[in-house]
Visitor: 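The structure under discussion is supplied below as structure tokens; questions concerning it will follow.
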Protein chains: 2
Amino acid sequence: MTAKVYVTLKRGVLDPQGQAVAHALGRLGFAEAKDARIGKYIELTLDGGGSREEVEKRVDKMCRDLLANLVIEEYRFELVD
Amino acid sequence: MTAKVYVTLKRGVLDPQGQAVAHALGRLGFAEAKDARIGKYIELTLDGGGSREEVEKRVDKMCRDLLANLVIEEYRFELVD
């Protein structure tokens with residue numbers, strides 16, 4: 001099973017990397033790019049069994065324990081067989 | 001309109017950051033996490049008009065020109081109104 005995890009900065013948290021990307025796009029002629037927010041996309045390969053509910057609980061704990069910094073980031077994930 | 005862009009390392013390209021995450025998950029008790037691949041998730045806020053096809057072409061060019069390094073990365077994106 002694969003877990004696709006998306007970690008993004010919370011609304012209101014400054015994103016200098018995103019600003020740099022938006023400015024660079026503007027300089028490259030993409031004036032329509034008004035804003036960019038950069039997050040992480042993590043693909044986890046999961047082994048072993050357990051029901052989908054159990055796996056969801058485990059991945060949720062992985063996000064809280066390691067993958068996301070809950071002070072400034074939020075996360076969501078989906079499980080793919 | 002918002003473009004959600006996913007940039008991932010091509011299959012076969014070494015991902016030391018992902019390996020570190022997989023090892024860390026193992027040490028934290030998540031033995032089922034066999035592998036992790038880390039990519040970027042970019043949310044672009046787009047202004048202005050144009051048909052969906054035109055916007056798709058522009059975002060594709062943004063990915064090729066700046067957002068992805070096509071030597072080692074691949075990308076996909078979706079447009080959300």
Side-chain angles (χ1 to χ4, degrees), chain A residues 1-11 13 15 17-51 54-68 73-79, chain B residues 1-11 13 15 17-51 54-68 73-79:
Chain A
M1 193 179 276
T2 302
K4 299 182 173 191
V5 181
Y6 308 88
V7 179
T8 50
L9 285 172
K10 284 183 182 172
R11 203 175 296 275
V13 176
D15 183 359
Q17 193 187 357
Q19 289 176 344
V21 165
H23 282 132
L25 285 172
R27 278 198 308 275
L28 288 171
F30 301 106
E32 70 267 43
K34 289 304 167 198
D35 190 30
R37 303 278 289 173
I38 315 249
K40 276 175 288 182
Y41 167 64
I42 305 163
E43 245 180 49
L44 291 175
T45 306
L46 301 173
D47 208 13
S51 70
E54 283 166 356
V55 175
E56 269 181 13
K57 267 191 198 162
R58 296 279 291 174
V59 174
D60 190 77
K61 193 155 173 13
M62 290 180 206
C63 292
R64 298 184 162 274
D65 287 0
L66 182 74
L67 303 177
E73 293 172 331
E74 56 198 8
Y75 65 90
R76 63 193 164 82
F77 63 86
E78 59 201 53
L79 298 180
Chain B
M1 193 179 277
T2 302
K4 299 182 174 192
V5 181
Y6 308 88
V7 179
T8 50
L9 285 172
K10 284 184 181 170
R11 204 175 296 275
V13 176
D15 182 358
Q17 194 188 357
Q19 289 177 344
V21 165
H23 282 133
L25 285 172
R27 278 199 307 275
L28 288 171
F30 300 108
E32 71 265 44
K34 289 301 167 199
D35 190 30
R37 303 279 289 172
I38 314 249
K40 276 176 288 183
Y41 167 65
I42 305 164
E43 245 180 48
L44 291 175
T45 306
L46 302 173
D47 207 14
S51 70
E54 283 166 357
V55 175
E56 268 181 14
K57 267 190 197 162
R58 296 278 291 174
V59 173
D60 191 77
K61 194 158 173 6
M62 289 181 206
C63 292
R64 296 184 163 275
D65 286 0
L66 182 74
L67 302 178
E73 292 172 331
E74 56 197 8
Y75 65 88
R76 63 192 165 83
F77 64 86
E78 59 203 54
L79 298 179

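Proteins come first, then strands; the chains are lettered A, B, ... in the order of their sequence lines, and each starts at number 1.
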Visitor: Is chain A contacted by the side chain of Leu25(B), its backbone, both, or neither, given a heavy-atom distance below 4.5 Å?
Guide: both

Visitor: Check each atom of Thr8(A) against the heavy atoms of chain B and say whether the ones under 4.5 Å are side chain, backbone, both or neither.
Guide: side chain

Visitor: Does any part of the side chain of Phe30(A), heavy atoms only, come nearer than 4.5 Å to the side chain of Asp65(B), both counted from C-beta?
Guide: yes

Visitor: With chain B, which of Val7(A), Ile42(A), Thr2(A) has the greatest number of heavy-atom pairs at distances under 4.5 Å?
Guide: Ile42(A)

Visitor: Of all of Ala3(A), Ala31(A), Ala22(A), Gly39(A), which one pairs up most often with chain B through heavy atoms under 4.5 Å apart?
Guide: Gly39(A)

Visitor: Measure Tyr6(B) against the heavy atoms of chain A and call it side chain, backbone, both or neither at under 4.5 Å.
Guide: side chain

Visitor: Which heavy atom of Ala36(B) sits nearest a heavy atom of Leu44(A), and at what distance?
Guide: CB-CD2, 3.6 Å

Visitor: If you count heavy-atom pairs under 4.5 Å between each of Leu46(A), Val21(A), Leu67(A) and chain B, which one has the most?
Guide: Leu46(A)

Visitor: If you look at every heavy atom in Leu66(A) and Ala24(B), which pair is closest and at what distance?
Guide: CD2-CB, 3.8 Å

Visitor: Could you list which of residues 54-63 of chain B have a heavy atom closer than 4.5 Å to any heavy atom of chain A, in residue-number order?
Guide: Arg58(B), Lys61(B), Met62(B)

